[in-house]
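Here's the structure, in structure tokens; my notes come after.
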Amino acid sequence: MKKVDLPKTYDAKKVEDGIYRQWEESGFFNPDNLPGDRKESFAISMPPPNATGILHTGHVTMLAIEDLMIRYNRMKGKKTLWLPGTDHAAIATQTKVEKLLAKEKLSRQKLGREKFLRRVDQFVADSRDIIRKQTKRMGSSCDWSRERFTLDEGLTRAVKEAFVRMYDDGLIYRGHRIVNWCPRCQSTLADDEVKYKNQKAKLYYFKYGLFEVATTRPETKIGDTALAVNPKDKRYKKYIGQKLDVDFGKVKVQVKVIGDEAVDPEFGTGVVGVTPAHSQVDYQMAEKNKLLVIQVIGQDGKMTENAGPYAGMSVEKCREAFLNDLKSAGLFIKEEEIDNNLSVCYRCDTPVEPLTSDQWFVAVDKPFKLKDKSKLGWKKDTATLKELAIHVVKSGKIKIIPERFEKVYFHWLENLHDWCISRQIWYGHRIPVWQRSQKHKNTKTQKQEIYVGVNNPDGEGWIQDEDTLDTWFSSGLWTFSTLGWPASAKASAGEANDLKLYHPTSVMETGYDILFFWVARMIIMTAYCLNNIPFKVVYLHGMVRTDEGAKMSKSLDNALDPLKVIEKYGTDALRLSMILGVTPGNDFKLYDEKIAGYRNFVNKLWNISRFVIQEVGDLKLIKGKPAVKTLADEWILNRLDKTASEVSKNLDEFQFSLAGETLEQFTWNDFADWYLEIAKIEKNKDEILLYVLQNILKMWHPFCPFVTEEIWSHFNSDKLLMIEEWPKTVIARSKATKQSHVADFEFIQSIITAIRNLRGENKVEPAKLVKATVVSKNKKDLIESQTEIIKKLARLEELNVETGHAPSPQDANIISAIITGAEIYLDLSGIIDVEAEKKRVAKEIAETENYIKTIEAKLANKEFVENAPKAIVDKEKEKLAGQKEKLEKLKNNL
RNA sequence: GGGCAUAUAGCUCAGUUGGUUAGAGCGUUCGGUUCACAUCCGAAAGGUCAGAGGUUCAAAUCCUCUUAUGCCCACCA
């Protein structure tokens, strides 16, 4: 039998790549190749990172948690699929490439649609490659053979299918509406793609016909078609309904005075110029009051023809010119500085320009006929998208963790407006709508034709809609489009099978920041396309923050680079620090010391294994529970059982942090600090050492797969740890035996700790051996049976066990400790510090007296004794007796 | 303006449906070249559980209010 020689320190860098290759080559990332008969399936759709570049700490969190769930369920014998992919991230990616082009003094307009898209494809191919490598670096056990991209042929087909079906059902329509327009991206933005920036703004006051008006956007007043006041405002009530001609110097406008509750009489002058084409609120007023909508700002951010003399000016120039003209005409009154929320594009920070245009929308409040009501548990024949999305969470079909986000989810949905899905950018899924105008044969009039379909239209003259779809439209289909939906005639049997096997997916794990963007939209789209849910559980993780609590961001240059962390500490350490000490849905801090701490733990695990591996002869796998020889054996096996059942329970309940901490406690404190030390004394424990270690490694594997797999490779096993069976908690012995053995061992532990404590307090050098006497009325046999262990672990040269007779407490060389069930006396002749010892005992007496008082007070309380369960009261009584005994002995020994 | 979260040892966080003298890791102090590990070992100190009220025999835990911080939603022309 050859001895395995392991290095003293675990070197993550040396082994990680090789291990990942082994996993990959094993084929077990693909559920089709997993051994055994796996009936139950477990699937996670990996939230696809944007195809814009590198992974950040958020992705790393996602990968660590999902791989944990995947590996756990794979080991539990489920048919486990983790499907990876990337999102084309339309606006984000296009913006990124445009920035790159700008460096070459190029623009997408100069290149033209075709060439530009080729450039984007090139960029995306590179990005995806980087993302793939980084994902592997994290140890992610995802099925690369099923990797998908939102612009893949199959997914594009799914997007078209969804669009066409929704169009046919009347859920997608074209409307002329006010939308958020980003002049830089040259595209619309959804409401939730608009962010707000607090800033100082100027509020300008000027004469507006009979009135005075205050506004931060004077240039838009050229497009005013009404003047709004609060209907309750006594100052202006009488004017409601009047029509006015207003002169702004160089331009004139005609407005109608309307009343609207939305007007705050306290703000400015209490009179608002209504600009329906360039303000959401004004647009709503215009709809109510049937006002004209005049667009004065164009999509290019310049004033339109409707702006008369200002046409062609940029918004900023026009504002300046307009204000000057007001001043010349004597209409200008004053300006004030106010706090203002500027709306900006979430991608490029450019101020958003609300304006009206023709766009495609998804109707969220329009009922449609359901093909299949059963899976959703919906009673009526028809439903709206909004109703279904609310229903599936309310009815518990989808569970959100942590629960509090359900409230946020409902609130968001209840206030959801029709979803604008068209974007005026080039990169993305082109809208499958074509138009052509044909001259009517006889009448020679023009006839407009429209074609909406999955396949390109036949015939001449068709022109496809220039716009592309909101990127979330395709990501909304992610859980099922990646599994082969729609199962067309062309689809292989395997693909159709995937959808059946893995959908609805088991868990959607993602950051709470995209609950609305993505999670809600997946629920909506799946409810429509499949009449089903996309996943059973939504697990939301928090955001990673710096040690100072700041958000990590590229612009602040405070973000930890996962790759650098991996270089320095290893992947396992990074993974552990994203899982332990973290609460679901709560932000958490990530910093060097924390990661270093888990690097230390990984190394500890390595050294525990190193010890066992060097200690035992035959590195075989231990299948059944090994034979028990000593009390310590009994104890460690019971602790292992308990740990395994707790860890499994925690993992099943998505309490990942707790699971890890439980395991860490057992591994380091119980197994390493106690049992391994005892193993050095009691010897001949090969089977138990291997058994416990192998179980520990199995349980750690989902948390830190690399180091555990590496250690596993030294056992005589033909299987990878990755596909080993998760520990079953079989407790053969009776519970009572188990309890008493555990308690017995803990009693021995408390004796050892008490002696160590006495030594420490009296500054006895660790190497110095001392004599001890332990007095115990009824545990003499137990203590004597563990003499060897106590002597070695407490560094004693002699241990006497007595039932009654104690050494003379008056001897100044004897120090003592009282624990439940025993008194301990140490002979410290020649090394005792008498004063320090007296102080220590006096302190302990004071503490004990205090404690007795609190228990006595409790027991003196009649209502406590009468109302509390008997077990609780008895426990208190027991405690009191114990403490009183302790106090007496302490006083005796002083 | 509406909502949510957080507030526990110097720091980072646990604390499950109310019942231990409130825990862990880091840091601190003291002591250690014990033949797996100094990325380690042994021991200790350190908390009125943000504040005030309430429910209860019993509250870090449940309720109300207050304070501080953070986030989300809406948005002011």
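Numbers restart at 1 for each chain; the letters A, B, ... are given by sequence-line order, proteins then strands.
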Counting only distance, no hydrogens or angles, is the base of [N] paired donor-acceptor with the side chain of [X] under 3.5 Å?
X	N	answer
Lys763(A)	rA43(B)	no
Gln883(A)	rU21(B)	yes
Gln280(A)	rA77(B)	no
Lys407(A)	rC4(B)	no

**Rounded distance (nearest 0.5 Å) linking atom CD1 of Ile579(A) with atom OH of Tyr598(A)** = 10.0 Å

Touch check for [X], heavy atoms < 4.0 angstrom, all strands: base, sugar-phosphate only, or nothing?
X	answer
Glu653(A)	nothing
Val582(A)	nothing
Asp264(A)	base
Asp673(A)	sugar-phosphate
Ala871(A)	nothing
Thr9(A)	base
Asn861(A)	sugar-phosphate
Glu866(A)	nothing

How close do [X] and [Y] get, heavy atom to heavy atom, and via which atoms?
X	Y	answer
Ala228(A)	Val263(A)	CB-CG2, 3.7 Å
Gly268(A)	Ala214(A)	CA-CB, 4.0 Å
Tyr569(A)	Arg599(A)	O-CG, 3.6 Å
Lys768(A)	Arg759(A)	O-NH2, 2.7 Å

**Prompt:** Of all the nucleotides listed (rU39(B), rA36(B), rU21(B)), which has the minimum atom distance to the side chain of Asn603(A)?
**Reply:** rU39(B)

**Fill in**
Of the candidates rC40(B), rC71(B), rC75(B), the side chain of Arg545(A) sits closest to rC71(B)

Side chain to side chain contact (heavy atoms under 4.5 Å, CB included) against [X], all qualifying residues, sequence neighbours excluded:
X	answer
Lys879(A)	Tyr851(A), Ile855(A), Glu876(A)
Glu337(A)	Lys200(A)
Pro584(A)	Ile401(A), Pro402(A), Tyr539(A)
Ala772(A)	Leu796(A), Leu799(A), Leu826(A)

Please table the atom pairs, donor to acceptor, closer than 3.5 Å between any side-chain atom in residues 659-667 of chain A and protein atoms at least two apart or in another chain.
residue, atom, partner, partner atom, Å
Glu661(A), OE2, Gly581(A), N, 3.3
Glu661(A), OE2, Ser657(A), OG, 2.8
Thr662(A), OG1, Leu658(A), O, 2.7
Gln665(A), OE1, Asn669(A), ND2, 3.3
Thr667(A), OG1, Leu663(A), O, 2.6
Thr667(A), OG1, Trp700(A), NE1, 3.0

**Asked** For Asn607(A) and rA36(B), is the shortest distance between a side-chain N/O and OP1 or OP2 below 4.0 Å?
**Response** no

**Asked** Can you check whether Asn850(A) has a side-chain N or O nearer than 4.0 Å to OP1 or OP2 of rU21(B)?
**Response** no

Taking N or O atoms only and anything under 3.5 Å, show me the protein contacts with nucleotides 60-65 of chain B, one pair per line.
none

**RNA chain B stem ranges, 3 or more consecutive Watson-Crick or G-U pairs under 3.5 angstrom** = B:1-7 with B:67-73, B:10-13 with B:23-26, B:28-32 with B:40-44, B:50-54 with B:62-66

**Prompt:** Tell me: CD of Glu414(A) to P of rG3(B), nearest whole Å?
**Reply:** 14 Å

**Prompt:** Sequence neighbours excluded, which residues qualify as ring pair (Phe, Tyr, Trp, His ring centres under 6.0 Å) partners of Tyr283(A)?
**Reply:** none

**RNA chain B contacts among residues 873-880 of chain A, heavy-atom distance under 4.0 Å** = Lys879(A)

**Request:** Check RNA chain B against residues 218-229 of chain A and give the residues with a non-hydrogen atom under 4.0 Å, in numerical order.
**Result:** none

**Request:** For nucleotides rC37(B) and rA22(B), find the distance between their P atoms and express it as a whole number of Å.
**Result:** 38 Å

**Fill in**
Applying salt bridge (Lys or Arg N to Asp or Glu O under 4.0 Å) to Lys763(A) and not counting sequence neighbours gives none

**Message:** Let's go through Glu844(A) and Arg840(A) carefully: what are the C-alpha distance in whole Å and the side-chain angles of both, what is the deciding distance for salt bridge (Lys or Arg N to Asp or Glu O under 4.0 Å) to 0.1 Å, and is it a yes or a no?
**Reply:** CA-CA 6 Å; Glu844(A) 210 176 341; Arg840(A) 188 187 65 81; 3.4 Å; yes

**Complete:** Expected string for nucleotides 7-12 of chain B under the B/S/- scheme (protein heavy atoms, under 4.0 Å, primed atoms plus P, OP1, OP2 as sugar-phosphate) is -----S

**Message:** Could you walk me through whether Asn230(A) and Tyr236(A) satisfy the side chain to side chain donor-acceptor pair (under 3.5 Å) test, starting with their C-alpha distance in whole Å, then the side-chain angles of each, then the deciding distance to 0.1 Å, before giving a yes or no?
**Reply:** CA-CA 8 Å; Asn230(A) 192 299; Tyr236(A) 308 119; over 6 Å; no

**Request:** Look at the aromatic rings of Tyr208(A) and Phe206(A) and report parallel, tilted or perpendicular, splitting at 30° and 60°.
**Result:** parallel

